[in-house]
Amino acid sequence: MATMRMPPVVFLGPSAPASDILSILPDAIIRPPARRGDLYASRILRHEFFLILDGAFGNVLSISPREVVDVVQDGAVVVGASSMGALRAADCFPAGVHGAGIIFRLFKARAISAEDEVAVLYREDRPFPPLTEPLINMRIALRRATREGLVGAFEAEEIISAAQSLHFTLRTWPSAYQKAGRHLAGEILDFLNGIDTKRADAVQAANKVLKLLEIGRGSFRPSRSPQLFGLSSGGRERSPVALSGADRQQIEAEFIEWLCCSGRAHSRLDDEINWVNGELTVPTSSVWNILSGSGELEADLMRFDIFRRAVSEARRCGLRPGIEDLRQAERQLAKAHGVGSWNELLICKGSSSSYAKRLGIHRTELALTKCLRRTFLFVKGRSTKPREVLLWHPK
């Protein structure tokens with residue numbers, strides 16, 4: 001007797017209208033942007049195919065890489081694209097998560113890495129019209145506009161730099177052009193608005209789910225009984241798998257230093273860490289235990305790995321950060337540490353202290369990653385382009 005298959009679950013918000021997805025997957029269950037635990041809950045109900053497009057963040061816990069990996073290892077199929085789904089698919093593709101679309105490929109190739117690239121403001125009282133423009137849509141639309149000769153490359157860089165300086169809740173084409181001191185012609189706005197990469201990626205991902213369903217129709221095996229994730233020994237209490245093959249002792253000091261300098265741990269670890277001659281003076285194992293209890297250790301490990309690889313790639317390519325790259329890095333670090341400016345951050349940490357010196361080194365490395373991203377999103381024909389970025393071929 002054939003086993004009845006549960007319909008696919010799609011976590012969808014402002015990336016695309018529900019009608020786009022239902023025209024391809026008519027029996028799909030459309031759910032709001034994924035939050036921490038939503039994937040576990042659907043898997044426990046025996047759903048087997050998941051499409052993650054949008055995810056909540058900010059004032060709620062976002063869906064974690066550990067949750068995605070757990071559900072895949074339990075026998076489910078997860079596809080990610082467009083927004084938070086693209087980010088998690090790039091994080092977790094070694095574990096068997098499927099990705100689709102340009103944005104996934106850019107995250108996977110490390111050409112972009114920040115969640116801010118896909119963040120938008122939207123109304124939760126209706127599903128779910130975006131009120132702002134995602135930064136990654138702006139990058140791709142402007143690159144295509146430069147290829148059409150509608151916008152100059154220098155102007156495009158200015159507009160993207162202006163858009164990056166805006167909070168995602170204020171990021172629109174008119175506000176970015178105004179911030180850059182540029183005039184936005186109506187025909188240019190029509191062209192830019194006509195390029196919606198997040199929506200196109202969502203459609204591509206839905207078609208990917210359809211193909212996976214068709215492939216499995218003849219040979220699909222009933223899944224195991226889903227786990228009570230986090231309530232049994234096989235759930236979220238498993239040890240980290242995000243070290244990219246490195247031994248923990250090999251990376252823990254550098255990892256903790258990155259957490260401190262980046263500001264990701266300033267509220268958790270500042271009271272625990274002292275710096276002498278540029279070195280941590282507390283046992284790293286005790287700090288590691290603090291991080292393990294936060295629930296975000298693996299996500300931080302993955303971000304750390306992406307950061308290290310981006311810095312290494314920028315150096316391999318001989319890139320040097322420009323003044324604006326450094327300024328962007330300074331603003332980002334000041335915000336992450338909860339202060340108003342880079343100078344204020346240095347004063348808080350002691351301008352001549354070892355910590356401040358390490359912050360300066362981190363600022364330069366962060367600026368390198370911004371230089372790498374800017375270069376490979378806007379400069380054509382560089383012989384130093386990493387092979388992975390060749391996956392991106394805008395039309």
Side-chain angles (χ1 to χ4, degrees), residues 8 10-26 28 30-31 33-34 49-55 78-90 93 97-109 111-122 127-148 150-151 156 159-160 163 168 171-173 176 188-213 373 376-378 388-395:
V10 180
F11 295 99
L12 177 64
S15 287
S19 57
D20 284 6
I21 305 303
L22 293 173
S23 67
I24 300 166
L25 302 168
I30 304 295
R31 291 191 174 156
F49 284 80
F50 300 93
L51 173 55
I52 305 173
L53 298 173
D54 293 291
V78 177
V79 178
S82 296
S83 190
M84 181 65 76
L87 183 61
R88 289 296 175 257
F93 78 93
V97 177
H98 300 269
I102 291 174
I103 297 171
F104 159 71
R105 295 201 298 272
L106 287 173
F107 273 124
K108 182 173 178 287
I112 59 174
S113 59
E115 293 180 4
D116 179 64
E117 292 282 343
V118 294
V120 296
L121 177 69
Y122 62 90
F128 288 96
L131 303 177
T132 57
E133 194 72 26
L135 185 58
I136 188 58
N137 270 12
M138 301 178 86
R139 291 186 187 279
I140 294 171
L142 280 170
R143 182 162 184 180
R144 294 183 183 177
T146 61
R147 291 187 172 183
E148 295 291 328
L150 300 174
V151 176
I159 296 164
I160 286 298
F168 77 89
R171 197 175 283 151
T172 64
W173 286 115
I188 299 296
L189 179 59
D190 290 342
F191 178 88
L192 296 173
N193 281 332
I195 299 172
D196 190 344
T197 304
K198 289 179 74 172
R199 182 174 181 177
D201 283 4
V203 170
Q204 184 176 338
N207 279 302
K208 188 176 187 72
V209 172
L210 180 62
K211 290 181 180 179
L212 291 170
L213 285 165
R373 177 173 61 187
F376 295 141
L377 284 179
F378 282 108
E388 295 90 354
V389 179
L390 295 177
L391 290 170
W392 182 37
H393 298 291
K395 296 179 180 178

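Fair warning: this is a prediction, and the values are worked out from it, not measured in the lab. For the numbers below, each heavy atom of this structure counts, side chains included, while hydrogens, waters and symmetry mates do not. When a residue number appears, it is its place in the shown sequence, counting from 1.
- Contact check for D116 versus L135: side-chain heavy atoms found under the 4.5 Å cut-off.
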Should L25 and L213 be marked as a side chain to side chain contact (heavy atoms under 4.5 Å, CB included) after you check the CA-CA gap, both sets of side-chain angles, and the distance that decides it? CA-CA 10 Å; L25 302 168; L213 285 165; 4.0 Å; yes
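- In terms of modelled atom types and a separation under 3.5 Å, the side chain of R171 and the main chain of A163 share a donor-acceptor contact.
- Distance CD1/I24 to NZ/K211: 11.0 Å, rounded to 0.5 Å.
- T146 places no side-chain N or O within 3.5 Å of a backbone atom of V151 that could act as its donor or acceptor partner.
- Residues F50 and V79 form no side-chain contact, since every pair of their non-hydrogen atoms from C-beta on lies 4.5 Å or further apart.
- Using a 4.5 Å cut-off on side-chain heavy atoms (C-beta onward), V120 and N137 make no contact.
- Ion pairing between a basic and an acidic side chain is recognised when a charged N comes within 4.0 Å of a carboxylate O; E115 and R88 show such pairing.
- Of all heavy-atom pairs between W173 and A141, the closest is CZ2-CB, 3.9 Å.
- Put simply, CG on L142 and CZ on F191 are 9.5 Å apart, with the number rounded to the nearest 0.5 Å.
- What you find for L53 and S82 is that their closest heavy atoms are CD2-OG, 3.8 Å.
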Please test I160 against R139 for side chain to side chain contact (heavy atoms under 4.5 Å, CB included), starting from the C-alpha separation and ending with a verdict. CA-CA 7 Å; I160 286 298; R139 291 186 187 279; 3.5 Å; yes
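- Side chain of D201 to main chain of I103: a donor-acceptor pair is present (N/O by atom type, distance under 3.5 Å, no hydrogens or angles).
- For the residue pair P14 and Y122, the shortest heavy atom distance occurs at CG-CD2, 3.7 Å.
- Note that CD of E133 and CG of L192 are 8.5 Å apart. Values are rounded to the nearest 0.5 Å.
- D20 places no side-chain N or O within 3.5 Å of a backbone atom of V203 that could act as its donor or acceptor partner.
- Using cut-offs of 30° and 60° on the angle between ring planes, the pair F104 and F93 is perpendicular.
- Atom CZ of F11 sits about 12.5 Å away from atom CE of M84, to the nearest 0.5 Å.
- In this structure a side-chain-to-backbone donor-acceptor pair under 3.5 Å is missing from K198 to S83.
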Please walk me through it: do D54 and S15 pass side chain to side chain donor-acceptor pair (under 3.5 Å)? CA-CA 7 Å; D54 293 291; S15 287; 2.7 Å; yes
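- A176 and M138 get closest at one heavy-atom pair: CB-CE, 3.7 Å.
- With T172 contributing its side chain and T132 its backbone, the two residues share no donor-acceptor pair below 3.5 Å.
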When you look at T197 and I136, which way does the side chain to side chain contact (heavy atoms under 4.5 Å, CB included) test go after all the steps? CA-CA 8 Å; T197 304; I136 188 58; 5.9 Å; no
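- Contact annotation: the side chain of L210 never approaches that of F49 to less than 4.5 Å [non-hydrogen atoms, C-beta and beyond].
- Heavy atoms only, all atoms of each residue included: A81 and A100 are closest at CB-O, 3.3 Å.
- Residues meeting the side chain to side chain contact (heavy atoms under 4.5 Å, CB included) test with A200, sequence neighbours left out: none.
- In this structure, I30 and I21 have side chains that are in contact, with non-hydrogen atoms separated by less than 4.5 Å.
- In this structure, L87 CG and I52 CD1 are separated by 10.5 Å, a value rounded to the nearest 0.5 Å.
- What you find for V10 and A28 is that their closest heavy atoms are CG2-CB, 3.9 Å.
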